[in-house]
Peer 1: 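Sharing a structure below in structure tokens format, with a few things to ask.
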Amino acid sequence: MAGEERAVSMDQVVSLAKRRGFVYGSNEIYGGLSGFWDYGPLGVELKQNIKRAWWRAMVQMRDNVVGLDSSIIAPPAVFAASGHLQNFNDPLVECEKCKRRFRDDDVESDVCPSCGGHLSPPRQFNTMFQTHVGPVADDASVAYLRPETAQGTFVNYRNVLQTTPHKVPFGIAQIGKSFRNEITTGNFIFRCREFEQMELEFFVKPGTDDEWFDYWRKERFRWWTQDMGIRAENVRIRDHEKSELSHYSKQTSDIEYAYPFGTKELEGIADRTDFDLKAHIAGSGADLDYFDEESRERFVPYVIEPAAGLERSFLVVLLDAYAEEQTGTKPGDRRTVLKLGPRLAPYKVAVFPLMANRPALVEKARSVYDALRPYFTVAWDDIGNVGKRYRRQDEIGTPWAITVDFETLENNTVTVRDRDSMEQDRHDVDSLLHLFLERLGPL
Ligand code: ATP
């Protein structure tokens, strides 16, 4: 068994992510745009797999949660009601010498971390992106890019209640892009200006919110550490002090991860009370009361919100899976391996013909590849020797690799090599689909 060394650095993971096409800088050929990132062929697969895992746990497997996809741009009235126009501010300080800007809570003294110049007193900066809808850019056409998916859920709350049989307690889940004009971005994809959120708004009877808050706080920790396989020693729950709470929150707990740059938020769970629904009742005049048929009571539900960021999830999955290992006694016997759970791995299986210049091997390998592809993602690799191909697949986290060799042509068996143990077994070609479907479980 290979000797594993941990304590991963950001440089190692960023370099792998860029080298292997998980993440690219955005608009690089034009010099880039800070706070924006593009996801390459492997990144897009990993993102989809994370979203699928979240959706499965939060929507598909629950009787009382349904999905929604609301628009990204909304009129000012929505954000005036929600409080974002007035309160969604970050305190900004500016260096009087080099004019660089920082979030006040990111700098420890009144001296610029970049040039040592004096920093201005903090002023409030609204982090919503503004745009205009329609051909004329005037005050009447102002609209905003949403800073969270939640408001799109609240404005659709009545639609969902009226078009589904659900009763409180029930939830509406949404995965989608959000935008924040962050003052400082950084730590790779940890803080960006365009990002994706996976948010659930769970509507409950007032008075039962403490219980539900506690349920979701524990359930989300369980999901990260069990379903997603993130090492429990790297994750913790931190309850917010009263002074840290957002304008809408009664209580908040963060699920935090031990990133190489410090232990910071991965997901937030907030008790938003009836703040948002009441604000939209006042703002729109719509009737968003709920009539509880059992107790014959009318009330505005409270909302418990588990909100995770997809980019931070992506970063955590990579950091937690990354390892460099000594595989033998020689100094060159090393490999980089992503120990991703099979459900998260961009490719589930790789198929290699032992030699690329033997048509019989290539043809047989191609038939194995084609037989598996309809069921899950399969990589094809015929470049270089098989050892190199294993290393390439290890680096992108492919759990299993199949090699079609000369013995295959004689007895229809192939080798299946396991990424983590590096052991190889022979299996009949006709048994492969069943073997992998069983190992993968439901996708
Ligand atoms: P932070 O304190 O780090 O700015 P936040 O408390 O403002 O985060 P929330 O409003 O609770 O974040 O948003 C829920 C989740 O959305 C966060 O836990 C995070 O995963 C993600 N998120 C928020 N802002 C960003 C961002 N700028 N870039 C990437 N992900 C983000």
Side-chain angles (χ1 to χ4, degrees), residues 51-70 78 81-83 148-176 197-228 237 239-240 245-255 267-284 286-308:
K51 289 196 270 189
R52 192 177 296 135
W54 187 90
W55 196 261
R56 185 184 152 73
M58 301 297 271
V59 182
Q60 190 182 333
M61 297 302 289
R62 291 180 191 273
D63 292 339
N64 56 4
V65 178
V66 289
L68 178 78
D69 184 12
S70 71
V78 170
S82 69
E148 55 174 13
T149 64
Q151 297 309 322
T153 301
F154 297 132
V155 301
N156 278 290
Y157 155 81
R158 195 173 62 179
N159 288 339
V160 174
L161 260 187
Q162 286 174 348
T163 51
T164 67
H166 291 288
K167 294 187 169 57
V168 168
F170 82 106
I172 306 177
Q174 188 163 187
I175 300 180
Q197 290 186 307
M198 306 185 285
E199 295 195 300
L200 169 69
E201 309 306 317
F202 196 75
F203 300 89
V204 306
K205 190 175 173 183
T208 64
D209 54 311
D210 286 346
E211 243 168 87
W212 280 110
F213 179 76
D214 195 48
Y215 167 77
W216 281 111
R217 192 178 166 276
K218 292 194 177 118
E219 169 57 14
R220 295 304 300 152
F221 185 84
R222 190 205 63 75
W223 184 76
W224 280 111
T225 52
Q226 289 179 24
D227 291 12
M228 294 293 276
I237 301 187
D239 300 326
H240 277 213
L245 295 175
S246 323
H247 63 277
Y248 50 73
S249 174
K250 167 179 157 189
Q251 50 187 335
T252 295
S253 296
D254 285 347
I255 296 182
E267 164 161 358
I269 298 113
D271 181 344
R272 297 182 74 127
T273 69
D274 53 8
F275 178 91
D276 299 274
L277 287 181
K278 278 200 171 147
H280 288 303
I281 293 171
S284 67
D287 174 12
L288 304 180
D289 283 4
Y290 178 80
F291 182 67
D292 187 42
E293 276 164 23
E294 247 170 56
S295 66
R296 317 295 298 167
E297 282 174 87
R298 194 170 279 282
F299 56 79
V300 177
Y302 268 41
V303 173
I304 308 299
E305 176 198 71

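All residue numbers refer to positions in the sequence shown, counting from 1.
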Peer 1: Among all residues two or more places apart in sequence or in another chain, which pass the side-chain contact (heavy atoms from CB on, under 4.5 Å) test with Gln251?
Peer 2: Asp210, Phe213, Asp271
Peer 1: Check side-chain hydrogen bond (donor to acceptor under 3.5 Å, both in side chains) between Gln197 and all other residues, then give those that pass, not counting sequence neighbours.
Peer 2: Ser178
Peer 1: Using the test salt bridge (Lys or Arg N to Asp or Glu O under 4.0 Å), find all partners of Arg222 that sit at least two apart in sequence or belong to another chain.
Peer 2: Glu219, Asp227
Peer 1: Does the side chain of Glu199 come under 3.5 Å of the side chain of Thr149 through a donor N or O and an acceptor N or O?
Peer 2: yes
Peer 1: Distance check, rounded to the nearest 0.5 Å: Asn159 atom CG versus Asn156 atom CG?
Peer 2: 5.0 Å
Peer 1: Report the distance from atom CH2 of Trp216 to atom CG of Leu200, rounding to the nearest 0.5 Å.
Peer 2: 5.0 Å
Peer 1: If you look at every heavy atom in Val59 and Ala173, which pair is closest and at what distance?
Peer 2: CG2-CB, 3.5 Å
Peer 1: What residues form a side-chain hydrogen bond (donor to acceptor under 3.5 Å, both in side chains) with Glu267, not counting sequence neighbours?
Peer 2: Arg220, Trp224
Peer 1: Would you call the rings of Tyr215 and Trp212 parallel, tilted or perpendicular, where under 30° means parallel and over 60° means perpendicular?
Peer 2: perpendicular
Peer 1: Measure across Glu148 and Tyr248 and return the closest heavy-atom pair with its distance rounded to 0.1 Å.
Peer 2: OE1-OH, 4.4 Å
Peer 1: Return the minimal non-hydrogen interatomic distance between Ser70 and Gly152, and the atom names on each side.
Peer 2: OG-CA, 3.3 Å
Peer 1: Please lay out, stage by stage, how Glu211 and Asp214 fare under the test side chain to side chain contact (heavy atoms under 4.5 Å, CB included).
Peer 2: CA-CA 5 Å; Glu211 243 168 87; Asp214 195 48; 5.9 Å; no
Peer 1: Side chains of residues 295-302: which donor-acceptor pairs under 3.5 Å do they make with residues two or more places apart or in other chains?
Peer 2:
from   : atom 1 : to     : atom 2 : distance (Å)
Ser295 : OG     : Asp292 : OD2    : 2.6
Ser295 : OG     : Glu297 : OE2    : 2.9
Glu297 : OE2    : Lys205 : NZ     : 3.1

Peer 1: Distance only, no hydrogens: is a donor on one side chain within 3.5 Å (strictly under) of an acceptor on the other, for Asn64 and His166?
Peer 2: no
Peer 1: Using side-chain hydrogen bond (donor to acceptor under 3.5 Å, both in side chains) as the criterion, list what pairs up with Glu305, not counting sequence neighbours.
Peer 2: Arg272
Peer 1: Rounded to the nearest 0.5 Å, how far apart are CG of Leu288 and CD1 of Ile281?
Peer 2: 4.5 Å
